[in-house]
Amino acid sequence: MHLLQLLFVTAAAGMLPVRAASCPPFPSLMIEFSSGFEQPEAPLIKAEFQTSFIQHKWNQNLSHITNGFIVNSPAQNLVRVDEAYDGTLASSLFNYANSTKEGLVENTLTTFSHKSNKPTVWKGFVNSNFPLFPEDILVQNGAVFGGLVRRQFNDHFVAAWNIMYQGAIPVTVYVNNCNVTVGYDYFSSELRTRVITEYFNIQT
Ligand SMILES: *[C@@H]1O[C@H](CO)[C@@H](O)[C@H](O)[C@H]1NC(C)=O
Ligand SMILES: *[C@@H]1O[C@H](CO)[C@@H](O)[C@H](O)[C@H]1NC(C)=O
Ligand SMILES: *[C@@H]1O[C@H](CO)[C@@H](O)[C@H](O)[C@H]1NC(C)=O
């Protein structure tokens, strides 16, 4: 596809690439150890987006790295994740409209492997590594500001926000100065597991 066609398709779909330089910088009150520091108000985030991502999950017994493409749509109650890892292509459709009170989410998982020319489709409830973040996730959860930090794929500092997701899982959400999420980390105390996720090539 030509660049112009690509630009046209992108514009037609109403999506804009994120440019931190086009938004006002963070105010100086957000700089820790500055005399004027005040915890800023948690922002509403741009919740309808699609992005490339890389995710690393590990614990005592596993180290799993995957990367691919995410579509996050609170309006449709859906997260779609297309990913590649360890000789497998997989596509997960997390239907947050169908979730349990324990926080399990219905997932339709389609996998393609080199061992077979037929995809495998599985459907059931899972503990998702890909939470659906609505616009007011930080506000509703009374997020605590965690400082301005550097992330792998961002030239500028981003704001860290700490929440207890579902009241049980400590999650740090990273938000740039356009109020766009650029990734999240969490730690599952029950599973003794750490997960870090970085976004790049984000379109809101
Ligand atoms: C981001 O959210 C903050 C807090 O609500 C707001 O003051 C700021 O104007 C927003 N920035 C952009 C670029 O939307
Ligand atoms: C790792 O494996 C050991 C031995 O099977 C098990 O006892 C332990 O609970 C596992 N740890 C995690 C975090 O799954
Ligand atoms: C919710 O998901 C489960 C597991 O896939 C499925 O059995 C059930 O029919 C779904 N319920 C609705 C209302 O879609």
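One-based numbering, in listed order, for ligands and for the atoms of each. Please read all numbers here as calculations on a predicted model, not as lab measurements.
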**Report entry** Atoms of ligand 1 close to Pro43 [distance to a heavy atom under 4.0 angstrom, numbered from 1]
**Finding:** 2 (O), 4 (C), 5 (O)
Requested in this report: For Asn177, take its heavy atoms, then give the atoms of ligand 1 lying under 4.0 Å from any of them.
Outcome: 13 (C)
Report task. Can you tell me which residues line ligand 3 if we count any heavy atom under 4.0 angstrom from one of its atoms, in chain and number order? Result -> Asn98, Glu106, Lys123, Gly124, Phe125
Query raised in the report: Got an N/O contact under 3.5 Å between Gln60 and ligand 2?
Result: yes
Report summary line: Across all chains, not counting sequence neighbours, the side chain to side chain contact (heavy atoms under 4.5 Å, CB included) partners of Gln39 are Val144, Phe145
Query raised in the report: With a 4.5 Å heavy-atom cut-off, do Leu78 and Tyr96 have their side chains touching?
Result: no
**Report entry** Gln140: side chain to side chain contact (heavy atoms under 4.5 Å, CB included) partners, not counting sequence neighbours
**Finding:** Asp136
Residues 164-175 side chain polar contacts: donor-acceptor under 3.5 Å, at least two apart:
from	atom 1	to	atom 2	distance (Å)
Thr172	OG1	Asn162	OD1	3.0
Tyr174	OH	Asp185	OD2	2.8

Query raised in the report: With a 3.5 Å cut-off and no angle check, do the side chains of Glu190 and Ser188 form a donor-acceptor pair?
Result: no
Query raised in the report: Do the side chain of Ser34 and the main chain of Glu32 share a donor and acceptor less than 3.5 angstrom apart?
Result: no
Query raised in the report: Polar-atom distance check: Glu41 versus ligand 1, any N or O pair below 3.5 Å?
Result: no
Query raised in the report: Counting only heavy atoms, which portion of Leu191 has something under 4.0 Å from ligand 2: side chain, backbone, both, or neither?
Result: backbone
Query raised in the report: Just by distance, with hydrogens left out, do Ser73 and Glu48 show a side-chain donor and acceptor under 3.5 Å apart?
Result: yes
Query - Between Tyr186 and Asn129: side-chain donor-acceptor atoms closer than 3.5 Å - result: yes
